[in-house]
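I have placed the structure first, in the form of structure tokens, so that the comments after it can refer back to it.
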Amino acid sequence: MPLKLATWNVNSLNVRLPRLLDWLATNQPDIIGLQETKLEDARFPAMEVAAAGYQANFYGQRTYNGVAILSRLPATDVSPDMPEFPDDHKRVLAATIGDIRFVCFYVPNGQSVTSDKYQYKLRWLSAATDYVRNELGRFPRLAVVGDMNIAPEDRDVHDPDLWHGQVLCTDAEREAFRAWLGLGLKDAFRLFDQPEKAFSWWDYRQLAFPKNHGLRIDHILLSPALAASCASCRIDRQARKGEKPSDHAPVIAELSV
DNA sequence: ATGGCGCGCGCAGCGCGA
């Protein structure tokens with residue numbers, strides 16, 4: 001039985017609910033992590049999601065941030081936040097579904113390298129390394145997914161010279177990403193041959209999507225046990241097309257379990 | 001070229017995202 005894991009920054013679930021429901025019906029993921037829901041928990045569309053066949057766990061706030069985990073099977077041990085990193089921003093939600101531990105991250109953007117928000121991002125990433133290390137120790141079958149706001153390598157950037165040293169591409173951010181790989185996580189997308197210039201985010205401006213001026217910043221990271229059974233991973237560019245798309249495309253990985 | 005688009009909030013125009 002294949003098991004499909006996905007992640008998608010929806011940039012407002014209020015606006016994107018019809019697209020999400022369409023995407024779920026077409027792609028049938030077993031578990032999906034959502035970011036930037038921008039909804040207080042009382043406003044989460046749990047009924048609509050349940051009607052689509054998914055249990056929802058959500059951890060949101062109005063206007064900014066907000067994460068959710070939707071799953072076919074019920075989730076247990078649902079855990080918001082990183083315990084060692086108290087934060088007003090709602091960016092982390094973890095849950096156990098079947099024998100999979102599933103962590104949904106919405107990593108801070110960082111704005112620019114001279115911003116306080118960048119320092120916050122680096123502190124957040126450091127805490128996330130400790131958090132992932134701990135989760136890996138507890139759960140051998142671990143998936144860490146989300147909008148990581150890091151393009152890990154130059155091949156994940158449409159114009160590496162333009163982006164060199166810019167937020168999302170700095171050495172410090174990339175080192176944090178490599179630290180997660182150093183703990184044993186695998187970048188599911190890079191387990192397979194992929195098209196050149198494959199990205200998951202494109203600016204709304206300047207015809208960035210039609211020109212494929214994007215970055216690959218949304219990731220599915222798998223523990224060794226899960227990576228061993230990963231059969232495919234792709235970015236669904238289709239979902240970035242049409243009226244009122246999110247600026248991010250979903251990423252979906254298939255495990256043969 | 002520091003804008004450009006889209007979103008939330010809330011009713012004008014700003015902060016934020018990446």
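Naming: A, B, ... by sequence-line order, numbering from 1 per chain.
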Checklist entry - Hey, is the main chain of A:N9 close enough, under 3.5 Å, to the side chain of A:S246 for a donor-acceptor pair? => result yes

Item to check | Atom C1', compared across B:dT2 and B:dG15: separation rounded to whole Å | outcome: 16 Å

Next on the checklist: Check A:K4 with A:D30, please: is the shortest side-chain N to carboxylate O separation under 4.0 Å?
Outcome noted: no

Next on the checklist: Between P on B:dA18 and NZ on A:K121, what's the gap in Å once rounded to a whole number?
Outcome noted: 9 Å

Item to check | Same-atom distance (P) from B:dC16 to B:dG10, integer angstrom | outcome: 15 Å

Checklist entry - For atom C1', what is the distance between B:dG4 and B:dA18, given to the nearest Å? => result 14 Å

Checklist entry - Taking 4.0 angstrom as the limit, do A:D116 and A:K121 come out as a salt bridge? => result no

Next on the checklist: With rounding to the closest Å, how many angstrom separate the C1' atoms on B:dA12 and B:dC7?
Outcome noted: 16 Å

Next on the checklist: Taking only side-chain N and O atoms of A:N9, does any of them lie within less than 4.0 angstrom of OP1 or OP2 on B:dA18?
Outcome noted: yes

Next on the checklist: Looking at A:R216 and A:D187, is there a salt bridge between them, counting it only when a charged N and a carboxylate O are closer than 4.0 Å?
Outcome noted: yes

Item to check | Between B:dG17 and B:dG3 - C1' atom distance, rounded Å | outcome: 16 Å

Checklist entry - Now, which nucleotide makes the Watson-Crick or G-U wobble pair with B:dG15, with each of the two distances under 3.5 Å? => result B:dC7

Item to check | Under-4.0 Å salt bridge between A:R190 and A:D156 | outcome: yes

Next on the checklist: What is the separation between atom CE on A:M148 and atom P on B:dA18, rounded to the nearest whole Å?
Outcome noted: 13 Å

Checklist entry - If only side-chain N and O atoms of A:Y106 are considered, is one of them under 4.0 Å from the OP1 or OP2 phosphate oxygen of B:dC16? => result no

Checklist entry - What string of B, S and - do you get for nucleotides 4-9 of chain B 5' to 3' if you count protein non-hydrogen atoms under 4.0 Å? => result BBSSSS

Item to check | For atom CG of A:N149 and atom P of B:dC16, their distance in whole Å | outcome: 15 Å

Checklist entry - Would you call A:E135 and A:R101 a salt bridge, taking side-chain N to carboxylate O under 4.0 Å as the test? => result yes

Checklist entry - Rounding to a whole Å, what distance do you find between A:Q111:CD and B:dT2:C1'? => result 13 Å

Item to check | Rounded distance in Å - NE2 (A:H158) to P (B:dA18) | outcome: 15 Å

Checklist outcome for this item: The side-chain contact (heavy atoms from CB on, under 4.5 Å) partner of A:M82 among A:V92, A:D130, A:N134 is A:V92

Item to check | Length of the CZ-P vector between A:F209 and B:dA18, whole Å | outcome: 17 Å

Checklist entry - Which part of the nucleic acid, if any, lies within reach of A:Q166 when heavy atoms closer than 4.0 Å are counted: base, sugar-phosphate only, or nothing? => result nothing

